[in-house]
Amino acid sequence: MFSLRHFKNSIFGAGLTLEALQTQLDSVSVPYADVDCRTCPNPCDEGHESYPNKFSVDMESTMFGSVKPYHRQIVISTGKMDWDREITSTKNSLAAHVQHVIHNAPMSVSPAGAEIKSKRVNHVSGVFNSSDSSKLSILNGSHHTISDNPEYETVLVFPDYIMVTEVPRSLDGAKALWDAALAPSVSILPPVHEKGNLSSWIIPYSCVILLCSHKRRDNRCHIAAAQLGQAFTHSLEDHGWTVDTEIEHPLHTMGLPLEKLQGTEAENEECTTRQFQEIASEKRALILRNSHTGGHRYAGNCIIYTPQGSGVWYGRVSTHEVESIVSQTLEEGLVLPPLLRGGMNISRPGCMSLNDW
């Protein structure tokens, strides 16, 4: 569907050729793969499920740059794969409470580390650092809470790559979560201090794959997520990965929560860095369905987060490209330009791969 050879002389929307896109990525040191995105013949003879004939995707407009900068993105446990059209309008939901906190938060707070933005010489739309914005993106996820109390949610926080548990589904719970992990003034590195009743861990997976399945926003996302979830699971398992669609309690793999670390600041930072590096090498994937992220005209939409702090946004993904995403992006740390909508912290000067530390 998206052969690199086919794209060599084609136009990426409004005048952006593949060569021009690669030049832009080179200018900001984004490691990418110069390979075919599709690994099977066209038409496919490898049994990959195709989208229905009426599955129409925007192939004309420029997809690269369609992701706007944000500081953090959260994924809230709901145990569902579809939601109200506007998740922040769902009464008594944690998404609604967090949105209320954002609305009432001080507007003058700059993200921690924002001073590094001014040091970057080049700027490419769609490629950004977490410090470029103070915006919080709120998503619902398909995972169930790991709390024994069903009124307490489990929230994944990116690019910090931490999960915060025991978050009450209330305004007070949203305020506690904001103060502990979401406010722009909170460092991207996991803070290790008391957070009241909240507990946080490094996410116990080598990657988190988010697939938009928000049917009430666009049925194409619902169709794509089901097919892509199966395709990713099959490909990852063929590559020796373990795949989960529910979160394993981190007590079993990561030990005590970050709040329980008793060392000095330097010792605690060394401990968390070691945990990030260890989990990154374990070939364990978490695949979740998520609510609307924007760009449903580019379905299937996929976001990949890793412990190294990057977030890669892909669009126009079908089952035919999944093998390349697994082999190139997940295993080699290289983005696939023809599928790229944009990404957070994917500019890596001096690195050959997004998997480098």
Side-chain angles (χ1 to χ4, degrees), residues 1-2 37 49-52 54-59 61 63-70 72-90 93 95 126 135-144 155-159 207-233 235-236 243-247 285-306 310-322 325-326 329-330 335-336 339-344:
M1 185 176 182
F2 301 111
C37 293
E49 187 177 5
S50 295
Y51 293 139
K54 294 183 179 180
F55 190 98
S56 176
V57 175
D58 178 357
M59 299 297 295
S61 65
M63 182 173 67
F64 179 66
S66 60
V67 180
K68 304 306 179 184
Y70 56 93
R72 284 188 171 97
Q73 186 168 71
I74 62 172
V75 187
I76 302 169
S77 59
T78 68
K80 300 177 181 179
M81 296 187 185
D82 192 25
W83 305 267
D84 291 340
R85 181 175 176 82
E86 298 292 343
I87 64 169
T88 55
S89 297
T90 302
S93 68
K135 178 184 176 182
L136 176 68
S137 170
I138 306 171
L139 302 179
N140 280 343
S142 58
H143 58 298
H144 290 80
V155 181
L156 308 185
V157 183
F158 301 107
C207 69
V208 177
I209 301 171
L210 300 178
L211 303 173
C212 182
S213 66
H214 203 158
K215 185 176 183 179
R216 287 184 175 91
R217 293 301 294 259
D218 197 301
N219 192 46
R220 289 172 295 184
C221 293
H222 170 73
I223 294 170
Q227 292 192 14
L228 294 178
Q230 293 179 355
F232 269 110
T233 298
S235 180
L236 285 162
V243 180
D244 286 345
T245 56
E246 289 288 351
I247 299 175
L286 176 66
I287 301 178
L288 299 178
R289 312 285 180 91
N290 61 272
S291 58
H292 180 64
T293 56
H296 46 257
R297 61 181 174 167
Y298 302 127
N301 280 294
C302 169
I303 308 174
I304 299 172
Y305 285 109
T306 63
S310 64
V312 179
W313 288 58
Y314 285 143
R316 298 173 180 154
V317 180
S318 75
T319 57
H320 308 295
E321 291 78 51
V322 166
I325 294 175
V326 171
T329 303
L330 294 179
V335 303
L336 297 167
L339 302 177
L340 189 63
R341 291 185 58 192
M344 167 187 273

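Owing to the predicted nature of the structure, the values given are computational and were not obtained by experimental measurement.
Separating the CD1 atom in I287 from the OG1 atom in T233 is a distance of 3.5 Å, to the nearest 0.5 Å. L156 CG to R72 CZ: the interatomic distance, rounded to the nearest 0.5 Å, is 14.0 Å. Atom OG of S77 and atom CD of E246 lie 9.5 Å apart (nearest 0.5 Å). The distance from atom CG of N301 to atom OG1 of T293, rounded to the nearest 0.5 Å, is 5.0 Å. With rounding to the nearest 0.5 angstrom, the CZ atom of R85 is 14.5 Å from the NZ atom of K215.
Considering all non-hydrogen atoms of both residues, T319 and E49 come closest at OG1-O, 2.6 Å.
Counting heavy atoms from C-beta on, the side chains of V208 and V75 never come closer than 4.5 Å. Considering only heavy atoms from C-beta on, R297 comes within 4.5 Å of R220 through its side chain. Using a 4.5 Å heavy-atom cutoff, the side chains of I325 and I304 are in contact.
Just one of N140, V157, L139 meets the side chain to side chain contact (heavy atoms under 4.5 Å, CB included) condition when paired with I74; it is V157.
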Verdict with supporting geometry, I87 and I76, side chain to side chain contact (heavy atoms under 4.5 Å, CB included): CA-CA 11 Å; I87 64 169; I76 302 169; over 6 Å; no
Step-by-step side chain to side chain contact (heavy atoms under 4.5 Å, CB included) determination, L236 to I209: CA-CA 11 Å; L236 285 162; I209 301 171; 4.0 Å; yes
Candidate pair Y314 and V335, rule side chain to side chain contact (heavy atoms under 4.5 Å, CB included), full reasoning: CA-CA 9 Å; Y314 285 143; V335 303; 3.8 Å; yes
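Ring geometry for F55 versus Y51: interplanar angle under 30°, hence parallel rather than tilted (30 to 60°).
The pair E86-R217 meets the salt-bridge criterion, since a charged nitrogen lies less than 4.0 angstrom from a carboxylate oxygen.
One side chain, T78 or W83, offers a donor N or O that lies under 3.5 Å from an acceptor on the other. Under the 3.5 Å distance criterion, with hydrogens and angles disregarded, a donor-acceptor pair is assigned to the side chains of S318 and E321.
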